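Here the structure comes first, spelled out in structure tokens, and everything after it is commentary.
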Amino acid sequence: MINDQYYNRRFIISGIMILVACIFLVRLFQLQIIDQSTRNKAESNALLRQTIYPSRGLIYDRNGVLLVSNQPIYEVTVILREMRQNFDTTAFCQALNITHEDFQAQIKEISNVRKNRGFSPYTPQVFLSQLNKVDIAPLQEALYRFPGVQIRKRTLREYTYSSASHVLGSIGEVNQRDLDRDSYYQTGDYSGRDGIERVYEKELRGEKGVEILMRDSKGRIQGSYRNGELDEPAHAGTDLNISLDIELQLLAERLLRGKIGSVVAIEPETGEILALVSNPAWNPQLLVGKERSKNYVALQNDKTKPLLNRATQAMYSPGSTFKIVQSLVCLQQKGITPATMYPCSGPGSTPIKCTHHHGSPVSLEQAIEQSCNPYFWCAFRDLLQRKGYGENNETFRQQYQLWRDDVMSFGFGNKFSDSDIPDQSSGSIPSVRLYDKFYGPTGWKAITIRSLSIGQGEILVTPLQLANQAAIVANGGWYITPHINRNDSMKSRKHTTSITPKHFEVVRHGMHRVMTNGTGRWYNIDSLSMCGKTGTVQNPHGKDHAIFIGFAPMESPKIAVSVVVENAGFGATWAAPIASLMMEQYLTDTITRKPLYDKIANQILNPDVKKW
Amino acid sequence: MSRNGSILANLDWATIFMFISLALFGWLNIYGASYTFEQTSIFDFSNRAGKQFIWILSALAMGVVILLIDYKTYDVLAYILYGVILLVLLATPLLAHNVKGSYSWISLGPISLQPAEIAKCVTALAVAKYMGQYEYKMRDWRDLIIPGLIVLVPMFIIMVLQRETGSALVFSSFLLVFYRQGMTGLVLLAGLLAAVVFVVVIKFSWIPAIIIIILAFAALWLWNNRQVKRFSTWWIVAGLIVYSGYMLACNYAFQHILQPHQQVRIEVLLGIKDDPSGAGYNVNQAKIAIGSGQFFGKGYLQGTQTKLRFVPEQDTDFIFCTVGEEWGFMGSAAVVLLYLTFLIRLVYIAERQRDNFSQIYAYAVACIFFFHFTINIGMVLGLLPVIGIPLPFFSYGGSSLWGFTLLLFILLRLDAARVEKLH
């Protein structure tokens with residue numbers, strides 16, 4: 001009615017209002033629904049996700065003795081964004097007893113995104129780690145003066161015994177590969193680096209929890225977010241019961257003092273490792289805390305290679321202990337019977353000399369007892385040649401392949417892939433192809449590979465495999481994969497050799513006679529009815545290695561042992577007494593032969609072996 | 001009695017309902033914004049929400065008083081009130097103390113008032129009175145000189161003497177009022193063009209700016225030639241030259257006339273500068289707070305960004321952040337739509353007035369609210385530069401709430417009398 005000519009302008013004005021409202025709605029839609037980045041920014045702004053670390057699973061031995069536990073340590077974290085305004089660097093450095101340069105260098109280090117991929121100025125970054133109670137005390141008192149600085153409690157390992165370092169392994173800060181592979185880890189976390197700490201990392205580490213705290217724009221903590229509704233508690237790691245008998249383990253370690261070598265003991269019935277010792281070793285506490293990397297480098301530089309787990313990684317020719325396998329394979333393939341006799345031609349005989357003095361001819365049992373080299377050479381030769389050599393050496397090579405298959409059914413030449421024992425070597429039983437390569441398919445005969453008959457030459461085994469061999473003989477033809485964790489799933493991993501059980505009887509008697517009349521007779525205890533076999537392994541690099549395998553008691557074996565002492569000479573002199581003492585300790589819980597124990601334990605065979 | 005009865009009968013209850021809804025929802029959010037997880041009562045008068053409740057009650061009381069006053073009073077007293085408010089505005093800088101760089105607040109005992117809030121209303125009355133005279137007719141630009149001065153004088157005082165840029169800019173909303181009364185729309189377009197040229201020059205360079213100016217004037221020339229020529233081509237050429245000069249002056253004005261904090265705010269808005277911890281902090285945090293609300297919001301009193309004081313001025317100029325964070329898209333869209341309904345309702349009320357004074361005043365009210373709504377939410381959403389003006393009825397503050405209530409209830413009183421006026 002008034003200004004009628006401009007009446008339509010009411011619509012233009014309303015239209016402008018509607019347009020503005022629509023722009024706002026679109027913008028709200030974009031900010032609140034389409035753009036997801038703001039939500040994360042809001043969280044990193046206001047919410048501080050504090051990790052709660054679970055306590056790592058404890059480790060017990062087979063008798064429930066605590067071997068590995070946790071000790072608290074502290075680390076200092078900083079949130080760079082909150083440190084900006086008038087941060088009292090001097091006081092901070094004083095509290096931590098570091099220099100200004102250390103401070104600057106460390107800040108630079110953690111803000112380097114290339115080295116520290118998880119870097120963010122909004123989240124806590126580890127500034128210093130592995131501080132003990134005393135180190136941290138001055139900072140703890142003055143913490144309120146340093147905004148953005150927090151102290152976190154972490155746990156490190158503590159060891160009851162200075163023992164079993166190779167088996168237990170250690171934990172250390174995760175490396176880039178762990179971070180890439182498993183999103184569970186964050187920079188600065190610890191994980192099992194070796195030993196069963198590594199193998200059972202997932203079980204031991206537990207599950208981290210998180211506590212969500214709110215902080216205001218000044219970085220002050222304002223309490224827990226939504227009354228902790230979204231917090232997740234940490235779940236402690238699973239405790240581990242391992243099969244080691246710590247008394248037995250300690251005994252073996254004492255006996256190996258001043259020597260380079262290894263001892264492996266297995267419970268034949270279950271495949272459980274009772275002791276697994278490699279010497280030189282170190283005090284596991286050395287690889288805990290601030291000094292870890294320094295000590296690690298020192299261990300690496302020791303020329304006796306303490307970091308090498310000789311019990312599972314070192315490979316030796318088995319020497320005479322292999323005659324047990326040789327006997328069983330020959331019996332199985334009907335190359336000999338228990339009654340088969342071969343003449344011993346004495347020390348001057350060729351191509352294989354006998355190193356012992358005994359009557360001739362000898363039966364299998366006697367041959368084992370006296371470790372008669374010519375017997376096993378003859379048996380091996382006759383087995384391989386019994387069908388002749390054939391066209392292009394074919395028959396002979398096939399026969400060799402059959403022999404090799406039987407040998408490998410004892411677990412030689414391969415790692416125990418279904419075992420939880422870390423760092424195994426596979427050893428080697430030479431293949432047809434290997435000899436073909438050396439000599440050409442027609443170029444090798446039984447005489448060419450004669451060393452194999454007495455466990456020398458190209459054949460290589462680990463002490464673990466030797467102990468397992470002893471367990472197979474003790475069991476009469478089968479074994480359970482050697483393992484460390486005492487859980488039921490491990491006990492079902494049973495393997496059977498290709499040797500018929502009846503053949504083991506004569507061999508077991510032979511091994512018993514080794515202890516009663518043969519090369520092990522000085523270390524026998526009649527009441528324990530020990531079985532054993534010594535070995536003296538020629539070694540191109542120095543003195544012979546002393547080897548012994550055995551088990552006891554013969555009727556119902558409870559323990560099978562292998563002992564290797566490098567460059568020690570006769571197996572009967574150094575390896576046999578160690579094994580004998582081990583069996584006595586395990587079966588009777590005492591050592592009655594104190595002078596023998598002292599003699600062995602105090603004998604320094606290799607002055608380079610250091611006590612770490 | 002009968003007169004009071006007719007007021008109640010003719011009162012626009014829909015507007016009152018929206019007014020109360022906005023004020024109460026605002027109050028809830030002020031409680032939310034100042035709530036710091038230590039439970040205090042919403043009625044605790046020592047905190048902001050409690051105080052705002054008193055402001056709301058007193059504003060309602062004031063509204064009732066206004067409704068009781070004879071509608072003719074506003075017409076009669078318009079010029080006198082205008083004269084008084086000019087004196088008050090002039091005196092304010094002498095009495096005021098510095099509040100964040102502006103001299104616009106005067107203290108009366110325990111309460112502080114901002115005369116500029118009252119000035120909007122009084123200026124609207126004066127403009128309505130002048131343009132509503134029977135003899136007044138808008139023929140050409142000369143008829144805009146007096147109304148223009150009525151608006152510009154308080155605007156100038158507030159901007160220059162009181163240094164309260166935000167409140168001063170509100171007066172530019174009268175342009176829409178003039179437009180409705182017959183001012184050519186080219187003025188609005190000219191303003192829009194000036195804004196576009198400014199942004200383009202600051203953000204890019206003069207080359208695209210000059211292209212925009214030439215295109216705009218070419219369009220104007222074509223449009224002018226297609227109908228009866230409204231102005232000669234020479235005017236168009238003159239305009240082109242003026243704009244070119246303006247364009248060249250833009251950079252200079254930006255760097256030398258605007259204050260540094262204003263420069264940075266504009267640079268941040270235009271994305272020239274990225275400064276999330278400095279000048280861009282407010283807006284950046286506001287966007288984060290709103291965005292983190294997502295569709296349904298975090299729930300009342302559950303917002304972390306606003307509670308933990310990441311957003312500054314969260315219960316005054318940035319109150320809309322709390323809405324966005326705690327009520328999500330649902331809540332904030334509802335508030336936007338409620339405002340839109342409110343504004344459209346005011347336009348509707350304006351159009352049903354039967355006298356010029358009431359209609360012009362009604363448009364002034366609608367346009368002032370619209371300006372506040374646009375600038376405030378536009379700023380919070382990062383669409384417009386940071387200009388500190390409150391969101392009507394929502395933002396914490398007695399002075400602004402009283403000013404808005406005054407503005408609105410005088411309109412409601414005039415509107416309620418529209419039937420009376422016929423007789």
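So that the names make sense, note that chain A is the first sequence line, chain B the second, and so on, each numbered from 1. If you're wondering where the values come from, they're calculated on a predicted model, not measured in any experiment.
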message: So, taking the atom named CD in A/Gln5 and the one named CE in B/Met138, what distance separates them when rounded to the nearest 0.5 Å?
response: 10.0 Å

message: Cation-pi check for A/Tyr6 against B/Arg180: NZ or CZ below 6.0 Å from the six-membered ring centre and within 45 degrees of the axis, yes or no?
response: no

query: Quick one: what part of B/Phe371 sits under 4.5 Å from any heavy atom of chain A, side chain, backbone, both or neither?
result: neither

- prompt: Which bit of B/Leu176 is near chain A, if near means a heavy-atom gap under 4.5 Å: side chain, backbone, both or neither?
  reply: both

Portion of A/Leu28 that has a non-hydrogen atom of chain B nearer than 4.5 angstrom: both

task: Determine the option with the most heavy-atom pairs under 4.5 angstrom with chain A, choosing from B/Gly378, B/Ser332, B/Gly293.
output: B/Ser332

task: Check the pair A/Ile23, B/Leu381 against side chain to side chain contact (heavy atoms under 4.5 Å, CB included), reporting the backbone distance first and the verdict last.
output: CA-CA 10 Å; A/Ile23 291 172; B/Leu381 296 182; over 6 Å; no

statement: Rounded to the nearest 0.5 angstrom, the CG-SG distance for B/Leu340 and A/Cys22 is 7.5 Å

task: List the atom of B/Ile344, the atom of A/Ser14, and the distance in Å for their closest heavy-atom pair.
output: CD1-CB, 3.8 Å

field: CG-CD1 distance between B/Leu188 and A/Ile12, expressed to the nearest 0.5 angstrom
entry: 9.0 Å

field: B/Met330 portion near chain A, given a 4.5 angstrom heavy-atom threshold
entry: neither

query: Is it true that atom CG of A/Asp102 has more than 12 heavy atoms of other residues, nucleotides or ligands lying nearer than 6.0 Å?
result: yes

Step-by-step side chain to side chain contact (heavy atoms under 4.5 Å, CB included) determination, B/Glu325 to A/Gln32: CA-CA 9 Å; B/Glu325 187 183 11; A/Gln32 299 186 300; over 6 Å; no

- prompt: At what distance, to the nearest 0.5 angstrom, does CE of A/Met17 lie from CZ of B/Phe342?
  reply: 10.0 Å

message: So, taking the atom named CD1 in A/Ile33 and the one named CZ in B/Phe329, what distance separates them when rounded to the nearest 0.5 Å?
response: 5.0 Å

- line: Rounded to the nearest 0.5 Å, the CZ atom of A/Phe24 sits from the CG atom of B/Leu383 at a distance of 6.5 Å

field: Between A/Ile34, A/Ile16, A/Val20, the one whose heavy-atom pairs under 4.5 Å with chain B are most numerous
entry: A/Val20

message: Is B/Tyr363 in contact with chain A via its backbone, its side chain, both, or neither, using a 4.5 Å heavy-atom distance?
response: side chain

